[in-house]
Each structure stands twice: as C-alpha cells, then as structure tokens.
Engineer: 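What follows is a structure written as structure tokens; I'll ask about it next.
These values consider heavy atoms only, across backbone and side chains, with no hydrogens, waters or symmetry-generated copies.
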Amino acid sequence: MRRAIIAVLTIFSIQQVLSQRSDLSFGLTPKYRANGYGLDFSANYYHTVTDYYHLSLVASFAKEQPDSTVEYPYEDYLLNLGYFTTILTWSNRGFSIFFGGGVSAGYERINGGKPEALFEIQIPESGFVYGVFASFELDFFLTDSLSLIVPVEGMYHFNSKVDKSMLLLGAGIRLYLK
C-alpha cells in the first residue's frame, strides 16, 4: 500500500514538473441543445498566453416538430473557425473565462436526406449551411495539462432550412500538449 501511494505521488510530481501550458490543446465536449444533443471536438492554437485560434468539428442531432402531427430528425455537421480571448483569469485558482467567435459552415441533413410531404407539410431538402458562432468558455484547470471546460455556444446559420439559430451547452475535457 505504501509503495502504491509513493508511486502515485511520484507520477503526479513528474506530471506537474514536465507538463506546462502549451501552444496546442484538444477538447472533447458532449453538448445539449433544444430537442437534441451534440458532440464537439476542438483544437486550439495559443499564439499568446491569453488568446488562441479555435477550430472545432461539431455534430448535432435534433428533431423538428412544425406542428403536433409531424416530427422529423435533422443533423448538423459543422466546421467552426474562430478566435478567442481571455476575459477573466485567476491563475492561482486555476480558472479562466474566454470569449470568442468566428465563422461556421457545414452540412444540414434533414429527415435522412428524404424530402417528402407528411400530413400536408413539406419537409425541406438537406443542404450546405453557413453562418457565425459566438461562445463563452469556462476553463477549470485540473492539472497543468488537463482542464474541465464548460462552453456556452450560440450559432446562427443564414441559410438553414430548419433551425437558423441554435444554442449548445456542454461540459467536457481539454488536454494541453507540449
């Protein structure tokens, strides 16, 4: 038992010494949205201590219900490119708040790609979407190389046929690489 405690303390000590905040991080965040859910994989490149470039791949799945008799599924597969800056940071407490935004583009797949009429309601066709996004991210440092992130992200797609604006709320992890 004593050897196990010493081994764990040694590993955490080595991790603290070797891992520092880096220029690159990756995150994975499950997200909630109205009538559905999503998943976000992100990569950030830190060009300064307080600012970073952001790239994320987002997949979201939801259902549209134009009236009480018709409901059909739709999916959004998006690529977001943006820039984030620090609003507030407490480095001694391991907490930061970032704000950023940018462009968003992708594909909206509606009803499995089958446009049809159900109960006199025409289901729109699938297609490409483009727009903008803005996000607040709360970052709680667990170690120097791992943190808990809580993003609140809003998107607006100008040519969406189903849901022009969406709000995604999530909690996930971010790993900082050397």
Engineer: Between Thr143 and Ser145 (side chain of the first, backbone of the second, donor and acceptor by atom type, cut-off under 3.5 Å), is there such a pair?
Structural biologist: yes
Engineer: Compute the ring centroids of His157 and Tyr130, then answer whether they are less than 6.0 Å apart.
Structural biologist: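 For His157 and Tyr130, the ring centres are not under 6.0 Å apart.
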Engineer: Are Leu175 and Ser25 packed together at the side-chain level, in the sense that at least one heavy-atom pair is separated by less than 4.5 angstrom?
Structural biologist: no
Engineer: Just jot down the side-chain contact (heavy atoms from CB on, under 4.5 Å) partners of Val152, sequence neighbours excluded, or say none.
Structural biologist: Leu167, Leu169
Engineer: What about Tyr45 and Tyr52, are their ring centers closer than 6.0 Å?
Structural biologist: no
Engineer: Between Phe133 and Met166, does the side-chain contact (heavy atoms from CB on, under 4.5 Å) criterion hold? Intermediate values first, please.
Structural biologist: CA-CA 9 Å; Phe133 78 97; Met166 72 173 96; over 6 Å; no
Engineer: Is the backbone N or O of Asn35 less than 3.5 Å from a side-chain atom of Lys63, with the two atoms forming a donor-acceptor pair by type?
Structural biologist: no
Engineer: Measure the shortest side-chain to side-chain distance between Met155 and Leu78 over non-hydrogen atoms and say whether it is less than 4.5 angstrom.
Structural biologist: yes
Engineer: Going hydrophobic residue to hydrophobic residue with side-chain gaps under 4.5 angstrom, can you get from Val49 over to Leu138?
Structural biologist: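 No, Val49 and Leu138 fall in different hydrophobic clusters.
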Engineer: Side chains of Phe140 and Ser147, heavy atoms from C-beta outward: is any pair under 4.5 Å?
Structural biologist: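 Result no, sub-4.5 Å side-chain heavy-atom pair not found.
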Engineer: Is the distance between the ring centroids of Tyr53 and Tyr83 under 6.0 Å?
Structural biologist: yes
Engineer: Mind checking the OH-OG spacing from Tyr74 to Ser160? Nearest 0.5 Å is all I need.
Structural biologist: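 Answer for the OH-OG pair, Tyr74 versus Ser160, is 7.0 Å.
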Engineer: How would you list, by chain and number, every residue that makes a side-chain hydrogen bond (donor to acceptor under 3.5 Å, both in side chains) with Ser60, sequence neighbours excluded?
Structural biologist: Arg33
Engineer: If Ile, Leu, Val, Met, Phe, Trp and Tyr residues are connected whenever their side-chain heavy atoms lie under 4.5 Å apart, and connections chain through other members, are Ile97 and Trp90 in the same group?
Structural biologist: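 Yes, one cluster joins them.
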Engineer: List the residues meeting side-chain hydrogen bond (donor to acceptor under 3.5 Å, both in side chains) with Tyr32, not counting sequence neighbours, and say none if there are none.
Structural biologist: none
Engineer: Would you say Leu55 and Val103 are hydrophobically clustered, going by side-chain heavy atoms of ILVMFWY under 4.5 Å?
Structural biologist: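 Leu55 clusters together with Val103.
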Engineer: Looking at residues at least two apart in the chain, or sitting in another chain, which of them share a side-chain hydrogen bond (donor to acceptor under 3.5 Å, both in side chains) with Ser42?
Structural biologist: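 Applying side-chain hydrogen bond (donor to acceptor under 3.5 Å, both in side chains) to Ser42 gives none.
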Engineer: I need the Glu137 CD to Ser96 OG distance, nearest 0.5 Å.
Structural biologist: 11.0 Å
Engineer: If you define the side chain from C-beta out and look only at heavy atoms, does anything of Phe136 sit under 4.5 Å from Pro151?
Structural biologist: no
Engineer: With sequence neighbours left out, what residues match Lys31 under side-chain hydrogen bond (donor to acceptor under 3.5 Å, both in side chains)?
Structural biologist: Asp40, Glu153
Engineer: Going only through I, L, V, M, F, W and Y residues with side-chain contacts under 4.5 Å, is there a path from Phe84 to Phe141?
Structural biologist: yes
Engineer: Tell me, please, which residues at least two apart from Ala34 pass side-chain contact (heavy atoms from CB on, under 4.5 Å).
Structural biologist: none
Engineer: Heavy atoms, side chains only, cut-off 4.5 Å: are Ile149 and Thr29 in contact?
Structural biologist: yes
Engineer: Going by the side chain to side chain contact (heavy atoms under 4.5 Å, CB included) test, name the single residue among Leu148, Leu146, Asn44 that passes it with Arg174.
Structural biologist: Asn44
Engineer: Hey, are the side chains of Tyr176 and Phe26 touching, using non-hydrogen atoms and a 4.5 Å cut-off?
Structural biologist: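 No, too far: nothing below the 4.5 Å cut-off.
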Engineer: Does the side chain of Glu108 come under 3.5 Å of the side chain of Ser126 through a donor N or O and an acceptor N or O?
Structural biologist: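 Side chains of Glu108 and Ser126: no pair found under 3.5 Å.
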Engineer: Crowded around Phe128 CZ? As in, over 12 foreign heavy atoms under 6.0 Å?
Structural biologist: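 No, because the 6.0 Å sphere around CZ of Phe128 holds 12 heavy atoms or fewer from other groups.
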Engineer: Can you hop from Leu57 to Leu39 via hydrophobic side chains spaced under 4.5 Å?
Structural biologist: no
Engineer: Where do Pro30 and Leu28 come nearest, in terms of heavy atoms and distance?
Structural biologist: CD-O, 4.1 Å
Engineer: Do Tyr107 and Asp76 meet the criterion of a side-chain donor-acceptor pair at a distance under 3.5 Å?
Structural biologist: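 The answer is no; no qualifying pair exists.
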Engineer: Testing the 3.5 Å rule here: is there a donor-acceptor pair between the side chains of Thr86 and Thr50?
Structural biologist: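 Per modelled atom types, Thr86 and Thr50 side chains form no pair under 3.5 Å.
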Engineer: Are Phe95 and Asp139 side-chain neighbours, meaning at least one heavy-atom pair lies under 4.5 Å?
Structural biologist: no
Engineer: Side-chain contact, heavy-atom cut-off 4.5 Å: Ile110 with Lys161?
Structural biologist: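 Ile110 vs Lys161: side chains touch.
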Engineer: How about Tyr37 and Phe61: are their ring centres within less than 6.0 Å of each other?
Structural biologist: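 Judged by ring-centre distance (under 6.0 Å), Tyr37 and Phe61 do meet the cut-off.
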